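Each remark here refers to the structure printed beneath this line.
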Amino acid sequence: MESLYAITTGVLTACGLYLVLRSRTFPVVVGLTLLSYAVNLFLFSMGGLTTDGAALINGAKEYADPLPQALVLTAIVIGFAMTAFVVILAMRARSEAGNDHVDGRKHEAGEGRR
Amino acid sequence: MTLMWIALLPLAGMLVPMVTASHGRRICSLATAVLPTLALLLMLAQLPALSSGEALRATVGWIPSLGLELAFRLDGLSVLFNLLILGIGLLILLYAHFYLSAEEPFGRFYAYLILFMASMVGIVMADNLILLWLYWELTSLSSFLLIGFWSHRSDARKGARMALTVTGAGGLALLAGLLLLGDMVGSYAMDDVLAGGEAILADPRYPVMLALVLLGAFTKSAQFPFQFWLPHAMAAPTPVSAYLHSATMVKAGIFLMARLHPAIAGSELWSVVVSLIGMATMLYGAWFALLKTDLKGILAFSTVSHLGLITVLLGIGSPMAVLAALFHILNHASFKAALFMSAGIIDHEAGTRELARLGGLRKAMPVTALLTSVAGAAMAGVPLLNGFISKEMFFTETLETPVLAGLSWLLPVLAALGGILSVAYSLRLVHAVFFKPAKEDPPHTPHEPPWLMRAPVALLVALCVIVGLVPVLAEGLLGLAVEAVLGAPLDFHLAVWHGLNLPLAMSALALVAGITAYRRHADLRHFHRGFSPVDARLVFEAALQCLGRWSEHGLKRFEGGSLQRYMSWLLFASLLMGSLGLARISGLTGPQGNQPIDGVVLLGAALLVFGGIATAVTHRFRLISLIMLSVVGLVVALTFARFSAPDLALTQLSVEVVTMILLMLALFFLPQKTPTESSNRRNLRDVVLASSLGLVVASLNYAVLTRDNSPISGFFLENSIPGGGGHNVVNVILVDFRGFDTLGEITVLALAGLAIFKLLNRLRLFMPHSDSEGRLWAPDRYPAVLTSISMALLPLALLVSAFIFLRGHNEPGGGFIAGLVTAVALILLYMARGVEWSQERLDFPYQPVAVAGVGIATLTGLGSWLFGYPFLTSSFGHFHLPLIGEFELATAMLFDLGVYLAVVGATLMILANLGKVTTVHRPAKEPTPEVDASPQRPRKETT
């Protein structure tokens with residue numbers, strides 16, 4: 001199960017990073033979101049993968065590690081705030097620069113190469 | 001405490017001229033002199049206490065964690081230098097009073113001068129390496145201001161910049177060297193460093209440290225090959241040259257070598273490097289002093305030469321050599337300051353400093369001629385003057401030193417050569433100005449200066465003569481200084497006459513040969529003309545420009561203004577670091593191994609992998625990509641649920657909803673398709689880079705997962721109920737154990753909301769009236785089904801969020817999730833009924849809600865102070881409520897309420913404000929072309 005989990009994290013990271021390297025803002029934002037999923041999964045797994053052991057104290061024998069969960073919970077919400085900020089920055093940049101290139105280029109040099 | 005005053009009075013004195021400048025020059029000059037005089041007197045009052053040989057100290061803590069203290073010491077060496085700095089400084093002040101013309105901003109000039117004086121005093125009194133360095137840099141800065149004082153002149157600006165560049169770069173090297181030195185000893189306190197000589201010499205880093213420290217000293221003291229800045233610094237007003245370049249600034253490097261002598265000087269390396277560099281400097285400076293035709297140029301190069309001489313002595317490093325070095329520092333400062341001031345007087349009264357236009361001045365200014373001749377003779381080393389005695393000692397030391405072993409004859413030979421040149425240029429200086437008939441008339445008719453302007457020169461020359469005749473007078477001061485350097489008293493006796501010996505023969509030879517050399521001066525000049533002239537300034541500027549071009553070029557490779565390039569460098573670097581880290585662990589699979597896989601997990605993983613890859617592959621069709629992203633988000637939520645994290649699953653689920661709404665809204669304003677831009681090569685590079693990093697992350701994750709982790713969470717599990725009064729440990733951690741983190745986090749959330757609110761302010765966007773395929777938006781803006789469902793859903797959703805909020809402490813839930821659920825419910829209303837309709841009914845701004853949330857959370861934290869507990873300490877009690885059952889009221893609940901409000905406020909601030917942009921001026925048909933230069937056209941895909 002651990003190997004499967006790790007592979008999944010790796011694939012999500014790779015896809016997110018590929019998108020982050022694109023030249024237009026929207027794919028970069030999508031890539032960041034994907035990357036934050038991967039990072040959250042990664043951080044979450046630092047406490048180990050526990051089945052049926054939610055950290056609700058009820059006399060059970062084994063609990064999942066609550067600390068990474070608490071950290072990831074805040075990370076999810078912060079991640080949303082960050083995504084929102086970046087995407088609205090992208091909108092603003094498009095309105096100022098007239099295009100949605102990540103460098104805000106006036107002339108879209110690559111467009112002729114379609 | 002007196003020590004503090006000595007060190008800090010001059011610094012305070014910097015303000016005096018600025019305040020008094022408006023009261024006229026006389027008052028300003030007098031007032032400026034008060035504080036340095038006071039410092040000088042205070043220091044002299046300390047002399048009796050010093051006679052025991054023990055240094056006086058005063059220390060105030062500054063940044064103890066960095067080993068930095070405001071620590072000052074006063075020992076013989078500091079006294080010697082302080083006498084020069086403060087004494088000559090005061091003379092210079094008097095001289096400058098007459099030198100500067102009335103129009104010049106003398107207040108500013110005095111302020112710079114005193115600042116410089118204060119920083120020099122700081123250097124010689126610093127009892128801490130870092131403090132010493134700070135003052136060292138301060139001298140570089142203040143000398144920059146002084147050299148460039150006549151900032152309307154290009155040569156002054158260039159000279160100042162060159163001096164700053166060279167000494168500043170040296171200062172950085174010195175900092176590195178001093179940090180190394182402090183690290184070797186384990187302390188930056190001067191006493192520890194001076195006592196740590198053996199440990200320092202044995203340290204393998206010694207050569208590096210020595211090179212760095214010497215770089216600092218050599219640049220400051222204009223030693224070869226850094227001598228070039230000093231002649232160009234002569235663009236400064238003459239009082240500055242007289243002060244900085246005879247007595248103080250250039251002596252700082254010498255001082256440093258003397259101060260650190262016990263700690264770093266004991267090696268072969270030191271002797272060879274320092275004495276040879278000093279010798280090269282001495283000869284180089286002397287040769288050019290003989291050829292220069294500008295009075296101050298001659299003095300500048302002769303200064304370089306004499307600094308070289310002192311450096312040679314410090315390099316030789318025997319007790320008598322150190323004594324000779326200190327003695328020569330004193331002598332050089334007196335005759336060189338006198339000569340510089342005379343040069344300034346001549347310049348001032350005759351209007352030029354060119355030898356060709358001067359001559360025969362002894363008739364016009366007989367007193368100045370006498371004073372200058374005596375000072376020049378002292379520089380040449382004529383018997384019965386102070387320069388003779390220290391030069392004699394110099395010859396003796398070069399004869400006796402074992403440095404250079406088999407080549408030991410080299411030093412005396414070169415020293416004698418230096419002596420010859422020194423006689424020649426001193427003679428030339430005096431003879432050409434005062435005795436030789438002039439070729440042309442000077443611009444002004446020369447005459448004697450006011451006697452007060454001449455007084456400092458006379459005083460210094462008198463010192464030269466007195467010390468030359470009765471050297472015993474200097475013994476007390478030198479004894480203290482040499483004891484401070486060597487750490488033990490030295491038994492010595494200064495005398496004019498040592499009998500007929502080799503050094504005396506060398507002196508005689510120098511005199512005779514020097515006079516001959518001057519007589520044959522024309523031949524020397526002819527010989528020199530055979531070399532192509534090198535202008536140090538041009539070379540320096542060219543080197544600087546070359547450096548600038550290089551770094552620009554290098555920088556462009558990394559920082560070309562392309563985000564993609566930054567990202568790829570960043571990712572490449574992390575790939576490298578990650579792989580290096582992975583390569584060092586033993587085996588990928590740890591001892592814990594794998595748990596068995598079941599079907600549900602397999603399905604989830606497959607969905608995640610599919611969703612991720614599909615998002616990346618379809619990224620050019622943005623809507624599809626977004627849908628694929630939402631698949632990933634949902635399965636991530638399920639993953640959290642599967643691995644025992646119900647809180648995370650709930651949070652992820654509700655965040656997923658708001659994220660998707662947000663991205664959909666944003667997509668409305670952005671192009672809906674991405675043009676194909678990247679070349680195949682770029683694509684391949686990105687795929688390779690991203691997948692390699694993915695592999696590294698996967699391996700890392702796997703390696704961690706299969707190893708035994710010993711978490712610190714046991715504490716939280718055990719203390720959740722007794723300490724936080726809650727069964728849901730995750731929630732208790734959020735609102736209690738690590739409440740401070742959460743407080744920070746909701747603050748960030750609220751800030752992001754405010755920033756977005758600001759970003760959306762007056763945002764003008766093109767709004768398409770159709771999608772990318774040219775289909776018009778649906779005419780039915782608010783579908784009836786959605787409207788009615790959302791109306792029915794709202795109270796239910798609010799109820800659910802209240803439920804989730806209340807039970808959060810014991811069951812999955814809490815402020816975060818409840819806030820998100822509330823926000824989603826309200827957003828749904830907005831979507832179903834439009835902004836206008838909703839705004840009428842939800843008539844309150846969201847910004848205050850978010851701010852209030854953060855406020856409540858902070859106040860809850862502060863509340864615990866009222867009861868004498870640390871910030872964010874919680875307390876709780878159990879209550880019973882009909883229907884809901886047993887629940888508890890904890891202050892943590894109040895904190896959670898803050899979290900709830902902050903989340904609701906921030907989320908709505910983001911989404912509702914963005915939504916408002918979409919609906920306010922929505923065009924019926926026509927796009928508004930003036931907003932977007934390239935209006936969205938339905939594009940036909942060709943790929």
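As the structure is a prediction and not an experimental result, all values here were calculated from the model. Lettering of chains follows the sequences in order, A, B, ..., and the numbering in each one begins at 1. Values reported hereafter were calculated over all heavy atoms of this structure, with side chains retained and with hydrogens, waters and symmetry mates removed.
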State which residue, out of B:Leu665, B:Asn913, B:Ile910, fulfils the side chain to side chain contact (heavy atoms under 4.5 Å, CB included) condition with A:Ile88.
-> B:Ile910
Best-contacting candidate, B:Asp686, B:Val697, B:Ile597, against chain A by heavy atom pairs under 4.5 angstrom = B:Asp686
When the 4.5 angstrom heavy-atom criterion is applied to B:Leu662 and chain A, the contacting part is side chain
Note, B:Arg620 side chain near A:Pro27 side chain (heavy atom, < 4.5 Å) = no
Ranking B:Ser644, B:Ala698, B:Gly694 by heavy-atom pairs under 4.5 Å to chain A gives rank one to B:Ser644
Does the side chain of A:Ser45 reach to within under 4.5 Å of the side chain of B:Val704, using non-hydrogen atoms?
-> no
Could you list the residues that satisfy ring-ring contact (aromatic ring centres under 6.0 Å, His included) with B:Tyr702, not counting sequence neighbours?
-> none
Can you tell if the side chain of A:Leu19 reaches within under 4.5 Å of the side chain of B:Thr615, non-hydrogen atoms only?
-> yes
Flag side-chain contact, heavy atom, 4.5 Å: A:Thr74 against B:Asp741 = no
Check: A:Leu17 and B:Leu689 side chains under 4.5 Å, non-hydrogen atoms | no
Taking 4.0 angstrom as the limit, do B:Arg622 and A:Asp100 come out as a salt bridge?
-> yes
Check the angle between the aromatic planes of A:Tyr5 and B:Phe643 and answer parallel, tilted or perpendicular using the 30° and 60° thresholds.
-> perpendicular
Looking only at B:Ala906, B:Pro596, B:Ser654, most heavy-atom pairs under 4.5 Å shared with chain A are made by B:Pro596
Donor-acceptor under 3.5 Å (B:Asn594 side chain, A:Ser3 main chain) | yes
Quick one: what part of B:Asn731 sits under 4.5 Å from any heavy atom of chain A, side chain, backbone, both or neither?
-> neither
Closest-packed option against chain A by number of heavy-atom pairs under 4.5 Å, given B:Arg565, B:Arg682, B:Met567 = B:Met567
Backbone of A:Leu21 reached by a side-chain donor or acceptor of B:Gln564 within 3.5 Å | yes
